[in-house]
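Heavy-atom basis, side chains included; hydrogens, waters and symmetry copies ignored. Chain naming here is simple, since letters A, B, ... match the order of the sequence lines and numbering starts at 1 in each.
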Protein chains: 2
Amino acid sequence: MANGQKPTINDVARLSGVSKKTVSRVINKSPLLNDATRGKVEAVIAQLGYVPNLQARALALRRNFLLGLIHDNPNAQMVLGVQEGILDTIRATEFALVVRPVDRHSPTLLDDIRGFIEQQRLYGVMLLPPISENDNLARMCLDLGCTVVRMGSARLDEDARLVASNDRQAVSEAVAWLAELGHTRIGFIAGPEGFRSARERQDGFVEGMARAGLKPDPAIMARGTYRFESGRAAGEQLLSAKEPPTAVFSSNDEMAAGLLHAARERGLDVPQDLSIIGFDDTATAAHIWPPLTTVRWPIRTMASTAARKLIEPGSAAAAPSLFPSDLIRRASAVPRPGKDAQ
Amino acid sequence: MANGQKPTINDVARLSGVSKKTVSRVINKSPLLNDATRGKVEAVIAQLGYVPNLQARALALRRNFLLGLIHDNPNAQMVLGVQEGILDTIRATEFALVVRPVDRHSPTLLDDIRGFIEQQRLYGVMLLPPISENDNLARMCLDLGCTVVRMGSARLDEDARLVASNDRQAVSEAVAWLAELGHTRIGFIAGPEGFRSARERQDGFVEGMARAGLKPDPAIMARGTYRFESGRAAGEQLLSAKEPPTAVFSSNDEMAAGLLHAARERGLDVPQDLSIIGFDDTATAAHIWPPLTTVRWPIRTMASTAARKLIEPGSAAAAPSLFPSDLIRRASAVPRPGKDAQ
DNA sequence: TTGTATGCGTTATCAA
DNA sequence: TTGATAACGCATACAA
């Protein structure tokens with residue numbers, strides 16, 4: 001405090017006439033403390049505007065107060081939702097959120113992340129899909145002595161280290177909805193190979209078709225990369241089939257937007273000639289025309305829960321790890337035209 | 001190293017038979033060091049997998065290695081772009097990026113941010129619009145002993161603390177482009193009052209109109225909130241004017257998407273009946289139909305530069321602080337129909 | 001070119 | 001219930 005520096009625990013101790021250790025006890029809310037002393041010290045703390053030095057605490061405690069968010073995710077809305085969810089949990093704590101976008105195609109991915117965790121000595125990390133599906137990565141983080149929570153679209157780890165949506169069921173229900181609307185020629189745009197979410201959604205599609213008594217037709221199924229352009233390409237393929245679909249489920253919104261463009265370019269009217277359902281409920285979904293019927297999963301709540309699992313490993317297993325999704329019904333999926341007339 | 005702990009500088013010193021200080025010199029790349037000693041120590045470091053403890057360094061150096069990103073921004077794509085830009089710069093350094101979404105309407109905004117900076121003892125912070133326009137906030141960060149760079153849409157601080165686009169000029173050019181396409185009834189959707197960017201864009205509109213010899217007509221100008229719904233509402237207002245516009249500049253993409261919906265609901269064809277230009281080049285812009293002509297500013301480069309200014313205050317003033325924007329010409333703005341026939 | 005003693009701000013140990 | 005002293009891992013001042 002002497003000069004223009006920030007006050008330290010020593011300043012507080014001196015001014016309140018107690019030892020450093022006593023101040024430390026006040027900071028750490030130790031129960032064995034005389035109320036009078038506590039009050040005295042707290043007054044000085046307030047008066048000085050003293051804030052404990054987190055780096056010094058980290059050193060002495062041999063632990064850190066940093067949570068890492070590691071991701072390689074093309075969906076900005078989702079990443080930001082996750083950040084907000086994590087903040088919901090840690091806002092009132094000493095933890096801070098450190099972000100690290102990575103490139104999943106980098107040959108040095110593992111080493112990069114290892115270096116990051118070691119250098120910053122993270123307390124815990126949250127892994128977002130698709131890299132959350134990498135078991136080696138998760139194991140490495142654990143070996144580095146860092147708690148881990150993986151966000152995914154299926155049970156890809158034990159409860160304490162998982163927050164997941166149930167994509168299979170969600171897609172199955174979306175397809176059931178299309179069937180309910182009278183559609184029988186239902187197409188599908190898959191996500192990229194190797195993505196767990198892509199597989200889950202595909203399984204959900206097959207399951208939903210089966211439940212509706214429908215048979216998936218490979219002629220109106222295509223694979224995309226989750227990107228807009230791939231959705232457009234897949235759309236061209238599907239729509240040029242001999243017997244084109246009257247409805248298509250796209251494994252994410254961005255590809256659904258691409259499909260919409262493909263339909264427009266062929267002079268088709270959406271939703272009259274073609275119903276579309278997407279997945280993710282990104283900002284785009286509500287802003288395109290027609291507004292897109294899509295699957296929304298509770299990103300923010302999941303992320304908030306994940307953060308709690310990270311900083312309270314004790315209660316981690318008890319917190320929920322599976323979260324239900326909702327079908328958001330907008331204007332892009334309508335009853336099959338002429339259905340009533342049949 | 002003794003037990004299962006991470007190796008420290010002491011372990012390295014002992015195993016390589018030198019003092020701690022010598023190891024410290026190796027870590028810090030001190031020039032006055034015998035090459036042989038350096039090699040010997042580096043070998044031990046590699047063998048042990050030793051990583052210096054950043055918290056201990058922070059304590060000894062009385063500085064930290066954390067950069068903060070403080071924002072209350074509705075545009076996810078932009079925030080993520082900023083994060084990636086900052087990472088481009090700090091990836092090879094010891095710095096980490098800590099994020100803090102805030103609520104600009106919170107009455108305790110200043111106190112929240114102060115607590116955050118003090119607690120984490122940030123080295124520097126980057127402020128995103130619209131809160132970057134808050135002079136009191138910027139000053140507080142500075143007073144807290146933390147370097148600051150503000151991202152904005154005009155010169156709102158000195159070079160060392162600024163990365164900005166020139167929104168006024170960009171909008172002026174966009175309007176010039178509409179005029180070139182033959183439009184004379186050009187409408188405008190403004191951003192929310194109190195936003196510097198909104199003012200700059202409005203000034204740019206007026207300037208562009210003047211340059212084209214056109215007079216802005218208040219009957220086809222409206223104010224929005226930068227959100228989708230406000231764009232739709234503004235659109236309804238503009239399009240129900242006695243003499244509706246044949247082209248509209250919207251102060252951001254999201255409102256442009258809303259305007260598009262309003263046009264559709266009135267049975268108008270975009271772009272045949274109405275040309276639209278937006279601002280930001282968000283993901284949505286390319287994915288709506290028709291693809292939106294819009295203004296793109298170099299977010300990632302700006303953020304990367306901002307990070308450099310933060311961590312190298314010396315060269316900060318020298319780095320560029322004003323960045324040019326581009327008009328991305330897509331399909332939503334076309335020549336005014338019948339113009340040639342006139 | 002290298003080493004010794006000391007400090008950074010906090011917590012843990014153990015005694016009072 | 002409190003306090004003196006020694007860590008925590010690293011950097012700086014000053015010597016050698």
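- Applying the salt bridge (charged side-chain N to carboxylate O under 4.0 Å, His left out) test to A/Glu158 and every residue at least two apart in sequence or in another chain returns A/Arg161.
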Check nucleotides 12-15 of chain D for protein N or O atoms closer than 3.5 Å to its own N or O atoms and list the pairs.
none

Would you mind writing out the side-chain donor-acceptor pairs for residues 31-42 of chain A within the sub-3.5 Å range, not counting sequence neighbours?
from    : atom 1 : to      : atom 2 : distance (Å)
A/Asn34 : OD1    : A/Ala36 : N      : 2.8
A/Thr37 : OG1    : A/Asn34 : O      : 3.2
A/Arg38 : NH2    : A/Ser30 : O      : 3.2

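- Annotation: proximity of residues 112-121 of chain A to DNA chain D (heavy atom, distance under 4.0 Å) is found for no residue.
- Contacts of A/Ala319 classified as side chain to side chain contact (heavy atoms under 4.5 Å, CB included), with partners at least two apart in sequence or in another chain: A/Thr305, A/Lys309.
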Run the numbers on B/Gln83 and B/Leu69 for side chain to side chain contact (heavy atoms under 4.5 Å, CB included), then give the verdict.
CA-CA 8 Å; B/Gln83 292 182 7; B/Leu69 174 62; 3.6 Å; yes
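- A/Arg155 is linked by a salt bridge (charged side-chain N to carboxylate O under 4.0 Å, His left out) to A/Asp159, counting only residues two or more places apart in sequence or in another chain.
- The side chain to side chain donor-acceptor pair (under 3.5 Å) analysis of residues 120-130 of chain B, with sequence neighbours excluded, yields no pairs.
- Listed nucleotides: D/dC10, D/dT2, C/dG3. Nearest to the side chain of A/Asn34: D/dT2.
- The bend of the helix from C/dT1-D/dA16 to C/dA16-D/dT1, defined by the angle between the axes of its first five and last five pairs, stands at 30° to the nearest 10°.
- Applying the ring-ring contact (aromatic ring centres under 6.0 Å, His included) test to A/Tyr226 and every residue at least two apart in sequence or in another chain returns A/Phe195.
- Across all strands shown, A/Leu33 has heavy atoms under 4.0 Å from sugar-phosphate atoms exclusively, and none from any base.
- Scanning for salt bridge (charged side-chain N to carboxylate O under 4.0 Å, His left out) contacts around A/Arg139 gives A/Asp143, with sequence neighbours left out.
- Sorted by first and then second residue, the side chain to side chain donor-acceptor pair (under 3.5 Å) pairs with a member in residues 66-76 of chain A read A/Asp72-A/Arg104; sequence neighbours excluded.
- In this view, A/Tyr50 satisfies the ring-ring contact (aromatic ring centres under 6.0 Å, His included) rule with no residue, not counting sequence neighbours.
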